[in-house]
Amino acid sequence: QSMNLDRERNLVSVGDIVNFTRERIDIQKYSVVSPIADDAFDHYDYRVLDTLAVDGRRVFRLAIQPTSASSPLFVGMIDVADSTYDVMGIDVGVNEAVRFSFLENLRYRQRLRDMSGGRWMPYEIRLSGQVHFAIPLPGVPERMPFEHVASLDHFRFDEGHRPSNLGEFKIVVQDRAPDGCRHVERLV
């Protein structure tokens with residue numbers, strides 16, 4: 001928390017962790033397709049950059065490239081476990097369709113780990129970029145870099161009531177699927 005900004009005006013707060021499992025990520029006036037959304041292949045191209053060993057697991061590092069320069073989308077990398085496809089890390093910026101006043105070169109990074117029972121949670125979040133002043137101010141550089149780092153731990157689970165929809169399935173039927181064919185995409 002900065003002394004010179006209200007809580008609500010901070011660029012990042014731990015209370016607003018970006019949840020990439022959502023279909024769309026709302027960033028100010030933009031709604032950006034998550035790189036792991038059900039329709040992500042309609043918006044991104046993926047390319048394997050490397051195979052890594054992380055905590056004794058094989059991990060694929062994938063490049064994420066938007067298929068359109070005019071739609072607000074992410075560009076960067078995602079690390080995915082080879083057998084379970086758990087997201088272990090994400091490092092993204094935004095394409096040229098996303099513009100913020102005074103902010104440039106924004107990067108958002110999350111590193112995730114299994115916090116027990118297959119619950120993958122971010123343990124480190126980094127937001128970095130540059131503040132750009134269009135009008136020169138005496139004694140102030142034209143561009144000032146910043147980085148906000150949050151470390152998270154001591155997650156607690158199962159302390160309240162279970163959500164009523166826990167265990168339900170989301171059924172997605174592809175437009176080109178024959179009548180009666182259904183494919184389970186993911187658990188809700």
Side-chain angles (χ1 to χ4, degrees), residues 1-2 7 10-28 30-41 43-66 72-95 98 105-129 145-170 172 184-188:
Q1 174 66 45
S2 298
R7 277 187 311 186
N10 269 338
L11 293 172
V12 158
S13 69
V14 172
D16 295 329
I17 298 170
V18 176
N19 184 353
F20 285 96
T21 62
R22 293 185 181 200
E23 298 296 305
R24 301 296 183 265
I25 310 296
D26 294 325
I27 306 171
Q28 290 187 4
Y30 300 100
S31 182
V32 184
V33 177
S34 171
I36 59 173
D38 289 341
D39 62 344
F41 287 118
H43 302 278
Y44 297 102
D45 287 326
Y46 298 86
R47 186 171 39 95
V48 177
L49 295 176
D50 204 352
T51 303
L52 313 169
V54 178
D55 297 329
R57 297 179 73 169
R58 248 175 55 148
V59 174
F60 297 123
R61 176 157 289 166
L62 306 174
I64 304 166
Q65 283 292 325
L73 295 166
F74 293 111
V75 61
M77 295 180 296
I78 187 168
D79 293 342
V80 180
D82 77 332
S83 58
T84 61
Y85 304 106
D86 293 315
V87 175
M88 299 182 73
I90 191 156
D91 180 352
V92 292
V94 289
N95 67 353
V98 178
N105 302 321
L106 288 177
R107 299 283 316 162
Y108 186 86
R109 297 174 189 96
Q110 276 187 6
R111 294 192 325 165
L112 298 98
R113 72 168 60 115
D114 187 348
M115 296 293 180
S116 80
R119 294 181 181 105
W120 285 82
M121 303 295 292
Y123 66 92
E124 181 181 272
I125 299 172
R126 292 179 180 266
L127 176 68
S128 61
F146 67 88
E147 183 172 36
H148 181 283
V149 180
S151 295
L152 308 169
D153 60 9
H154 294 90
F155 290 96
R156 296 180 299 191
F157 302 101
D158 300 329
E159 291 190 343
H161 300 288
R162 292 175 56 143
S164 61
N165 65 348
L166 190 66
E168 292 181 8
F169 292 86
K170 177 180 181 180
V172 176
V184 176
E185 282 288 324
R186 80 170 49 145
L187 292 172
V188 175

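Computed from a predicted model, the values in this text were never measured in an experiment.
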| task | Report the C-alpha separation of D79 and F60 in whole Å, then their side-chain angles, then the decisive distance to 0.1 Å, and conclude whether the side-chain contact (heavy atoms from CB on, under 4.5 Å) test is met. | result | CA-CA 6 Å; D79 293 342; F60 297 123; over 6 Å; no
| query | Does some side-chain heavy atom of L112 sit less than 4.5 Å from a side-chain heavy atom of M121? | reply | no
| note | Interatomic distance, CZ@R58 vs OG1@T84, rounded to 0.5 Å, equals 12.0 Å
| said: For a 4.5 angstrom cut-off between non-hydrogen side-chain atoms, does V98 reach I27? | reply: no
| request: Taking all heavy atoms of V80 and all of L62, pick out the closest pair and write down the distance. | output: CG2-CD1, 4.1 Å
| query | Is there a side-chain contact between W120 and V87, using heavy atoms and a 4.5 Å cut-off? | reply | no
| Do side-chain atoms of R107 reach the backbone of D91 as a donor and acceptor pair under 3.5 angstrom? | yes
| said: Counting C-beta onward and ignoring hydrogens, is there a side-chain heavy-atom pair between V94 and F74 closer than 4.5 Å? | reply: yes
| note | Rounded to the nearest 0.5 Å, the CD1 atom of I36 sits from the CD1 atom of I78 at a distance of 5.5 Å
| request: Please report the closest heavy-atom contact between S34 and A40, naming both atoms and the distance. | output: O-CB, 3.8 Å
| task | Determine yes or no for a side-chain-to-main-chain donor-acceptor pair under 3.5 angstrom, with Y44 supplying the side chain and V33 the backbone. | result | yes
| query | Without hydrogens or angle criteria, can the side chains of Q28 and Y30 be said to hold a donor-acceptor pair below 3.5 Å? | reply | no
| message | Has Y46 got a side-chain atom pairing as donor or acceptor with P35's backbone, closer than 3.5 angstrom? | response | yes
| said: Treating E23 as the side-chain partner and D38 as the backbone partner, does any N or O pair qualify as donor plus acceptor under 3.5 Å? | reply: yes
| task | Might you work through the side-chain contact (heavy atoms from CB on, under 4.5 Å) test for R61 and V48, ending with a clear yes or no? | result | CA-CA 6 Å; R61 176 157 289 166; V48 177; over 6 Å; no
| Steps toward side-chain contact (heavy atoms from CB on, under 4.5 Å) verdict (D82, R57) | CA-CA 8 Å; D82 77 332; R57 297 179 73 169; 5.9 Å; no
| With D50, which residues qualify under salt bridge (charged side-chain N to carboxylate O under 4.0 Å, His left out), at least two apart? | none
| query | Going through the distances and angles, do R22 and R24 end up as a side-chain contact (heavy atoms from CB on, under 4.5 Å)? | reply | CA-CA 6 Å; R22 293 185 181 200; R24 301 296 183 265; over 6 Å; no
| field | P66 to L73 - nearest heavy-atom pair and separation | value | CB-CD1, 3.6 Å
